[in-house]
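Because the structure is a prediction, the values reported are computed rather than measured. Note that these values count all heavy atoms, side chains included, but never hydrogens, waters or copies made by symmetry.
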Amino acid sequence: MRQAPQEWVRCSVSASFHRTTQIFSGSESFMLRRVALCMMLLTGIANAAPLDDAIRQYDGGQYESAAKQFAPLAEAGDAVAQEKLSVMYFYGRGVPEDEARALQWARRSADQGNLDAMFFIGNMYVFGDQVPKTVPDPDQEAARWYFEAARRGHAEAEYGLGLLFLAGKGVVQDQEEAMKWIRMAAEHGHAGARSFLGGDRSAGH
């Protein structure tokens, strides 16, 4: 799980306002920029702590508590919280199972560039009960989302896309293309891809 790092930031700003007839001199403008930067850093740290706590609770199986912490963070636009909440709604962990809401949260996260969310959307079209019924060709939709994450180096999406090419589901069956993506997944540390290549004598470079 990706966890936002924590650090202590000390912001010290001193100002002297001796001249009341001038507005924002060069030094005062620089000082105000430093104040704004410090406030932004402190806000980021304040948001990181609840996210880290929510992830720890999720990893520890305390799903209801985790959901309560993820929800406001997700509403505030945190892409990681949105993706975690999506997974929780899909599997009914700490919240009622709801594939529609799972897809909504995953899309909001994916819109911010979250590769895990893109991959999970692909999974929902492959393994979901309700989500696949919302499109004419769920395998094709899964391939599209796997590709979006895979082309950016997401190992699980690379492997999933490779398997789709191998089976010809959602894409034209192409063993060469399949092996390309599976090799990439293996190079990025995917255990399943490495095992697949180790057991496939035809997968040589």
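Contact of the V87 side chain with the D116 side chain is not registered, since no non-hydrogen atoms from C-beta on lie closer than 4.5 Å. Using a 4.5 Å heavy-atom threshold, the side chains of F70 and Y63 count as separate.
Qualifying side chain to side chain contact (heavy atoms under 4.5 Å, CB included) partners for Q112, counting only residues two or more places apart in sequence or in other chains: A79, Q82. Among residues two or more places apart in sequence or in another chain, the side chain to side chain contact (heavy atoms under 4.5 Å, CB included) test is passed with A143 by L161, L164, V171. With sequence neighbours excluded, no residue forms a side chain to side chain contact (heavy atoms under 4.5 Å, CB included) with D111. Every side chain to side chain contact (heavy atoms under 4.5 Å, CB included) that E75 has, sequence neighbours left out, goes to W105, R108.
Under a cut-off of 6.0 angstrom, the local environment of NZ in K169 is sparse, with at most 12 non-hydrogen atoms contributed by other residues, nucleotides or ligands.
With respect to R183 and E187, no salt bridge is recorded, no charged nitrogen being found less than 4.0 Å from a carboxylate O.
A donor-acceptor pair is defined here as one N or O able to donate and one able to accept, closer than 3.5 Å; such a pair exists between the side chain of Q173 and the backbone of L166. In terms of modelled atom types and a separation under 3.5 Å, the side chain of E158 and the main chain of A185 share a donor-acceptor contact. No side-chain donor-acceptor contact under 3.5 Å links R144 to the backbone of Q140.
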Distance-only check: which donor-acceptor pairs under 3.5 Å involve side-chain atoms of residues 91-98, not counting sequence neighbours?
| unit_1 | atom_1 | unit_2 | atom_2 | d |
| --- | --- | --- | --- | --- |
| R93 | NH1 | Y58 | OH | 2.7 |
| D98 | OD1 | A100 | N | 3.2 |
| D98 | OD1 | R101 | N | 3.1 |

Please tabulate, for side-chain N and O atoms in residues 118-136, each donor-acceptor pair with protein atoms closer than 3.5 Å (sequence neighbours left out).
| unit_1 | atom_1 | unit_2 | atom_2 | d |
| --- | --- | --- | --- | --- |
| N123 | OD1 | Y146 | OH | 2.5 |
| Y125 | OH | R107 | NH2 | 3.2 |
| T134 | OG1 | V131 | O | 2.6 |

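Here the NE2 atom belonging to H154 is positioned 13.0 Å from the CE atom belonging to M184, to the nearest 0.5 angstrom. Expressed to the nearest 0.5 Å, how far CD of E141 lies from CG of D139 amounts to 10.5 Å.
Contact detail for A155 and H188: the closest heavy-atom pair is CB-CB, 3.8 Å. Closest heavy-atom contact between L85 and A74: CD2-CB, 4.0 Å.
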